[in-house]
Amino acid sequence: GTFAVSGSDLYIGIGGYVYLSPDNGDTWYDISTGLPGTKSITSLVFYKGDLYAGTWGAAVFYLPDGGSNWIAISGMTGEYISDLGVHGDRLYASTNNLGVNMLNDEGDGWVQVNTGLPLSSPQSLYVYDTNLFVSVLTQGTYLLMNDDVSWSDFNLGWSGISAEALIANGSYLFAGTRGEGVWKRRM
């Protein structure tokens with residue numbers, strides 16, 4: 001499952017459904033109208049006041065602030081979304097087949113931002129301070145450059161690992177791997 005928080009509202013994506021708790025988990029409401037239900041929710045993030053959901057096999061959907069029906073964003077229908085991340089004023093999606101994509105300025109389609117990334121499946125997106133990192137299946141970790149469209153190798157010995165999760169603490173970036181322990185690198 002995946003979580004998102006907005007004020008006192010808690011959101012959880014489990015299987016193909018999203019639930020809302022307005023009272024810190026005492027009660028939960030199904031808010032999945034418009035989602036395909038048969039595709040797992042892989043990521044939930046807030047972007048410009050709306051809740052976005054990445055799915056495994058049905059692309060990205062958003063729930064307008066105050067809305068009751070999820071709306072699909074065109075351009076990646078049927079795509080497997082590994083993660084969503086907000087960096088600055090941009091929304092990014094890591095995908096199984098199309099690399100990393102950025103929501104266009106109109107909010108109705110996607111632009112690929114794969115310059116500098118290897119041809120492999122990006123996994124986890126992680127925002128720390130002003131940096132956006134992506135872990136790439138068996139290829140290590142990459143840092144988004146200031147132009148918001150190209151990536152730089154950030155491995156220093158991490159290449160070949162499959163990082164499932166990224167997190168920073170102090171001046172270190174940590175990568176939780178698939179069967180290879182936890183790696184850390186000074187930022």
**Message:** Show every ring-ring contact (aromatic ring centres under 6.0 Å, His included) that has at least one partner inside residues 18-44, sequence neighbours left out.
**Reply:** none

**Request:** Report yes if some heavy atom in the side chain of T141 is under 4.5 Å from a heavy atom in the side chain of W183; otherwise report no.
**Result:** no

**Prompt:** If Ile, Leu, Val, Met, Phe, Trp and Tyr residues are connected whenever their side-chain heavy atoms lie under 4.5 Å apart, and connections chain through other members, are Y11 and I14 in the same group?
**Reply:** no

**Request:** For residues 27-45, pull every pair meeting salt bridge (Lys or Arg N to Asp or Glu O under 4.0 Å), keeping only residues two or more places apart or in separate chains.
**Result:** none

**Prompt:** Does S32 reach the main-chain N or O of Y17 with its side chain, forming a donor-acceptor pair under 3.5 Å?
**Reply:** no

**Prompt:** Apart from M145 itself, which Ile, Leu, Val, Met, Phe, Trp or Tyr residues share its cluster (side-chain heavy atoms under 4.5 Å, direct or through members)?
**Reply:** none

**Prompt:** Within a strict 4.5 Å, meaning less than it, do heavy atoms of the Y142 and D153 side chains meet?
**Reply:** yes

**Message:** Is there a path of hydrophobic side-chain contacts, each under 4.5 Å between heavy atoms, that joins L84 and L132?
**Reply:** no

**Item:** Closest approach of L144 to H87 (non-hydrogen atoms, all atoms of both residues)
**Value:** CD2-ND1, 3.8 Å

**Request:** Search all heavy atoms of A58 against all heavy atoms of P36 and return the closest pair with its distance.
**Result:** CB-CG, 3.6 Å

**Fill in**
The reported gap from CE in M187 to CG in N169 (rounded to nearest 0.5 angstrom) is 8.5 Å

**Complete:** Students should find that the hydrophobic cluster of V111, defined by side-chain heavy atoms under 4.5 Å apart, otherwise consists of none

**Message:** Going by side chain to side chain donor-acceptor pair (under 3.5 Å), name the residues that satisfy it together with N96, two or more places apart in sequence or in a different chain.
**Reply:** S121

**Message:** Just verifying a value: how many Å separate L10 CG and N24 CG, rounded to the nearest 0.5 Å?
**Reply:** 5.5 Å

**Request:** Please test L98 against W110 for side-chain contact (heavy atoms from CB on, under 4.5 Å), starting from the C-alpha separation and ending with a verdict.
**Result:** CA-CA 10 Å; L98 300 174; W110 299 90; over 6 Å; no

**Prompt:** In the hydrophobic clustering (ILVMFWY, side-chain contacts below 4.5 Å, transitive), which residues join Y80, or is it alone?
**Reply:** W56

**Asked** Listed by chain and number, what are the side chain to side chain donor-acceptor pair (under 3.5 Å) partners of S171, not counting sequence neighbours?
**Response** R186

**Item:** Test item: W151 side-chain N/O and V113 main-chain N/O as donor-acceptor pair under 3.5 Å
**Value:** yes

**Message:** Tell me whether Y128 at atom OH has more than 12 heavy atoms from other residues, nucleotides or ligands lying less than 6.0 Å away.
**Reply:** yes

**Request:** Decide whether L44 and Y92 are clustered together by the hydrophobic rule: side chain heavy atoms of Ile, Leu, Val, Met, Phe, Trp, Tyr closer than 4.5 Å, transitively.
**Result:** no

**Partners passing ring pair (Phe, Tyr, Trp, His ring centres under 6.0 Å) against Y126 (at least two apart in sequence or in another chain)** = none

**Asked** For G54, does its backbone N or O pair with a side-chain atom of T42 as donor and acceptor, under 3.5 Å?
**Response** yes

**Asked** Mind checking what makes side chain to side chain donor-acceptor pair (under 3.5 Å) contact with T38, not counting sequence neighbours?
**Response** none

N/O donor to acceptor pairs below 3.5 angstrom from side-chain atoms of residues 60-72, sequence neighbours left out:
from	atom 1	to	atom 2	distance (Å)
W70	NE1	I31	O	2.5

**Asked** Does S21 reach the main-chain N or O of T27 with its side chain, forming a donor-acceptor pair under 3.5 Å?
**Response** yes

**Fill in**
OG1 (T55) and CE (M76) are apart, to the nearest 0.5 Å, by 9.0 Å

**Asked** Should V86 and F133 be regarded as members of a common hydrophobic cluster, given that ILVMFWY residues are connected when their side-chain heavy atoms come within less than 4.5 Å of each other, either directly or indirectly?
**Response** no

**Prompt:** For the atom pair OH (Y172) and CZ (R185), what is the distance rounded to the nearest 0.5 Å?
**Reply:** 11.5 Å

**Request:** Would you please name every residue forming a side chain to side chain donor-acceptor pair (under 3.5 Å) with N101, sequence neighbours left out?
**Result:** none

**Asked** When you measure from the side chain of S74 to the backbone N and O of D108, does any donor-acceptor pair fall under 3.5 Å?
**Response** yes

**Asked** To the nearest 0.5 Å, what is the distance between CD1 (I41) and CD1 (I81)?
**Response** 11.0 Å

**Message:** Any non-hydrogen side-chain atom of N114 less than 4.5 Å from a side-chain atom of V100?
**Reply:** yes

**Complete:** The ring pair (Phe, Tyr, Trp, His ring centres under 6.0 Å) partners of Y47 (sequence neighbours excluded) come to Y52

**Prompt:** Between atom OG of S150 and atom CG of L117, what is the distance when rounded to the nearest 0.5 Å?
**Reply:** 9.5 Å

**Asked** Can S43 and D83 be counted as having a side-chain donor-acceptor contact under 3.5 angstrom?
**Response** yes

**Message:** Hydrophobic clusters here meaning ILVMFWY residues chained together by side-chain heavy-atom distances under 4.5 Å, can you tell me if L91 and V127 are in one?
**Reply:** no

